[in-house]
Amino acid sequence: MNIAQIFENNRNWIASKLALNNDYFSDLSKGQSPEVLYIGCSDSRVTAEELMGAQPGEVFVHRNIANMVPNTDLNTMSVINFSINHLKVSHIVVCGHYYCGGVKAAMQSADLGILNPWLRNIRDVYRLHKDELHGITNEEEKYKRLVELNVQEQCINVIKTADVQRAYRHHGLQVHGWVF
Ligand code: CO
């Protein structure tokens, strides 16, 4: 996919939206009130809006390598804070995916430079669940299970935040763990 093609696609997309509703973009400019915060992997195959059938304005999206929610990550924590306190979302989704390159990398002992501290968080998930994981002899099944356990642990990280706990008590905010 080249850059010229992207701009061509964009012009076609704008035209298709305006053909259905001439006020489409002026309506969008009035503001957003999404019901859902989606936290997923940056992987190009896991297209957040497309896999949910979501339209512009419906889902607030945060993506990073391996859909992580580190407690000290200012980016992720700011997204959670903003989506709860300003957008008033009712649901937070953490969506992992099988065959995640980030999870695969964390299962290896290689030195990956700047990625090391990021992958450390996944290696901690492995350590927390090592008894279960060591019991899985099939490497592919172990890899898939770590993807699932990582989603579970990142959901716990979401639930640990004061913003989420306050929103749960106030209006029953729900947290969902998914694997694509
Ligand atoms: Co991934």
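In this text, all values refer to a predicted model and were calculated from it rather than measured experimentally. Note that ligands are numbered from 1 as they come in the structure, with each ligand's atoms numbered from 1 the same way.
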**Message:** Between Tyr143 and Asn138 (side chain of the first, backbone of the second, donor and acceptor by atom type, cut-off under 3.5 Å), is there such a pair?
**Reply:** no

**Request:** Examine distances only and state if a side-chain atom of Asn121 and a backbone atom of Trp118 form a donor-acceptor pair shorter than 3.5 Å.
**Result:** yes

**Asked** If you leave out waters, which protein N, O or S atoms are less than 2.8 Å from the Co ion (ligand 1)?
**Response** Cys41 SG, His97 NE2, Cys100 SG

**Message:** Which heavy atom of Leu119 sits nearest to which heavy atom of Gly102, and what is that distance?
**Reply:** CD2-O, 3.4 Å

**Request:** Begin with the C-alpha distance, continue with both residues' side-chain angles, and end with the deciding distance and a verdict on side chain to side chain donor-acceptor pair (under 3.5 Å) for Asn157 and Gln154.
**Result:** CA-CA 5 Å; Asn157 285 341; Gln154 302 321 310; 3.1 Å; yes

**Message:** Quick check: do Ile80 and Ile39 have side-chain heavy atoms less than 4.5 Å from each other?
**Reply:** yes

**Message:** Which residues pass the ring-ring contact (aromatic ring centres under 6.0 Å, His included) test with Phe180, not counting sequence neighbours?
**Reply:** none

